[in-house]
Amino acid sequence: MKAFTVSKAVTALMLAGLVLLPLYSQASGNVFILTLFTRIVILALAAASLNLIMGYGGMMSFGHAAYLGIGGYAVGMLAQEGVGSGFIQFPVALAASALYALVIGALSLRTRGVYFIMITLAFAQMAYYVASGLARYGGDDGLTVYKRSDFSGLVNLGNRTQFYYLCLACLFGVIFLIWRIANSRFGLVVQGLRSNEQRMQAIGFPAKRYQLVCFVISGMMCGLAGALLANNTDFISPAVMYWTRSGDLMVMVILGGMGTLFGPVMGAVVYLLLEEFLSQLTEYWALIMGPMLLLIVLFGRGGIMGLLGRFNRG
Amino acid sequence: MLLVVEQFLNGLQFGLLLFLLAAGLTLVFGIMDLVNLAHGSLYMMGAYFAATFAAWTGSFLLGALLALGATLLLGIVLEMSALRHLYGRDHLDHVLATFGLILFFNEAVRLIWGPAGLALPLPAWLTVPVPILPGIHYPAYRLAIIAVALLVALLLYLGVMRTRIGMLIRAGASNREMIGALGINIKLLYTLVFGLGAALAGLAGLMQAPILTVQIGMGENILILAFVIIVIGGIGSIRGAFLAAIFVGMIDTLGRAFLPNLLRQVLSGAAASTAAPALSSMLIYLVMAIVLVVRPEGLFPANRR
């Protein structure tokens, strides 16, 4: 075992808190906190998926919210057409996200740097307009999901606690997967590409192919978050894909600490709790949140994880 | 015929408006290497300032002039207080910081002007239809936008390519340290360039204001279009931004106007009327995708660094 560090302790504390939250909610009778944290866990999952390509792969996707929408619409549209089984809905959501990621990734990866940021942004915006044009599925107004995904008695998504634990299990599963990917040969190649693409190519790795596979995996993970999100809100609308949503995800990753395993989870928890807290404090919460982001960028490099890491050096 | 000419002019007008926005964006990026998502917020502020000042002074032109100065000033303050510290940092830091600024501006506008939109009424002499061809009239205001934007484009081109300041700006873009070593106040130069970019965004905003409502978040949709333009045109290239802006403005406007009818020729009426709006919104993104497949650096890439 490696030595004790502050960041490890805080991470462990946060994870324990996430696991024990339903118990607290039950004991205190505070139902709202469970609903809030279900949302937080789902968006943490999306942020973790973004971190896979952004933190490890160096690909700054500014269109990740598109997958939230695609996963969500897969559930919503199938439910609308009378297919309620989660065993069909979730695989379809994953497949649709993978397909979208494959096409978008193949096009976007031709570019790099700021071009990549803007391309992914523009394609997500395109997905947003497509969803707004789906008259049969609510168009601009969005689509109500009348019945949550049915897992034939295995888990009951209508039960708050069970649904929360399902989301948490998905989050932990995804983080485990990211950990395995990051430490696999494949992951090391992708990380190598982040630091020096030309050199990796010279060694003989087909750079774009590795990056594309990583891009698709990340998209599928975020699609899963989208499918969960539609179940959580019983509703899916184009607004989920709007570009400021992608910005939110990016903020969560950077706030928590890009390229760290638990950073995005930390970022999601802090960002969304802050949003919740500030919005209770004042209607104009973004007036405080905006400059706060600016200050974090200017003074808090490496995010919360980086900040916590500093305790050990002193 | 009448419709075609009118839509063509609409496309030109929209394209030129987009150019004003994209020029500022590409100038700031090309020269300072700063990704400014809050550029759309400056566009919004231009519109709000214009609506407010026009109401105070009772004159559209005076209001527009004051608004132009106000956005210029706002840009300078913004650069000096916040963005100056971001030069040389990672692009991701820019994205995050300027995303924070968007939140701030949207909320500040809500606080100051309230959640409802504003209107910027036109003076009577700008609302009259002007005959441009025998039997074809076109609104004077839209013609004015075309004239102003063309004039600004020309001045911008001459300013950047033919003046001493423009030379310094271009030199600063390729080597910041060298220009500083020659005894040029590069900090001031950057502040001025950013202010100019802000004023261009403000100009686009205030000119668009009488056509649309002035509302919160109005800069966000159009900012994405500006991004598409500078990606198609090649980042950092004013000429690329100009041509791509007109191209995108045309495609977007003509697509919206004629696509429904074209689709109706091949699809059933109901299917066409559902597909057309989505397809015409997607059109420019499709064009962008095609451009990138052929030319990943855009159509007119600026000098490579």
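By convention in this document, chain letters (A, B, ...) are assigned in the order of the sequence lines, proteins followed by strands, and residues within each chain are numbered from 1.
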Heavy-atom pairs under 4.5 Å with chain B are the metric here; pick the option from A:Ile104, A:Leu134, A:Val251 that has the most. A:Val251
Could you check whether B:Phe29 and B:His91 have their ring centres less than 6.0 Å apart? yes
So which of B:Leu111, B:Val231, B:Val228 has the biggest tally of heavy-atom pairs under 4.5 Å with chain A? B:Leu111
Side chain, backbone, both or neither: which part of B:Ile284 has a non-hydrogen atom closer than 4.5 Å to chain A? neither
Most chain B-contacting option - heavy-atom pairs closer than 4.5 Å, from A:Val130, A:Leu293, A:Leu298: A:Leu298
Let me know if B:Leu283 has heavy atoms under 4.5 Å from chain A in its side chain, its backbone, both or neither. neither
Per the side chain to side chain contact (heavy atoms under 4.5 Å, CB included) rule, which among A:Leu50, A:Asn51, A:Val269, A:Leu52 passes with A:Pro264? A:Asn51
For chain A, which candidate among B:Val95, B:Ile224, B:Asp93, B:Thr98 shows the most heavy-atom pairs at distances under 4.5 Å? B:Ile224
Should B:Glu79 and B:Lys187 count as an ion pair when the cut-off is N to O under 4.0 Å? no
In terms of heavy-atom proximity below 4.5 Å to chain B, should A:Met292 be classed as side chain, backbone, both, or neither? neither
Would you call the rings of B:Trp113 and B:Tyr48 parallel, tilted or perpendicular if under 30° counts as parallel and over 60° as perpendicular? tilted
Part of A:Leu287 within contact of chain B (heavy atom distance under 4.5 Å): both
Could you tell me if A:Tyr242 and B:Asn221 have a donor-acceptor pair between their side chains, going purely by distance under 3.5 Å? yes
Can you tell me which portion of A:Tyr128 sits under 4.5 Å from chain B's heavy atoms? Options are side chain, backbone, both or neither. neither
If only atom types and distance count, is the side chain of A:Ser218 paired as donor or acceptor with the main-chain N or O of A:Ser49 below 3.5 Å? yes
Check: A:Tyr73 ring centroid to A:Tyr137 ring centroid under 6.0 Å: no
Verify, without hydrogens or angle tests, whether A:Ser246 (side chain) and A:Ala65 (backbone) share a donor-acceptor contact under 3.5 angstrom. yes
The interface call for A:Ile117 against chain B, heavy-atom contacts under 4.5 Å, is side chain
Does any backbone or side-chain atom of A:Met60 lie under 4.5 Å from a heavy atom of chain B? Answer side chain, backbone, both or neither. side chain
Is B:Met288 in contact with chain A via its backbone, its side chain, both, or neither, using a 4.5 Å heavy-atom distance? side chain
Engaged part of A:Ser108 at the chain B interface, taking heavy atoms whose separation is under 4.5 Å: neither
Closest non-hydrogen atom pair, A:Ala286 against B:Glu107: CB-OE1, 3.2 Å
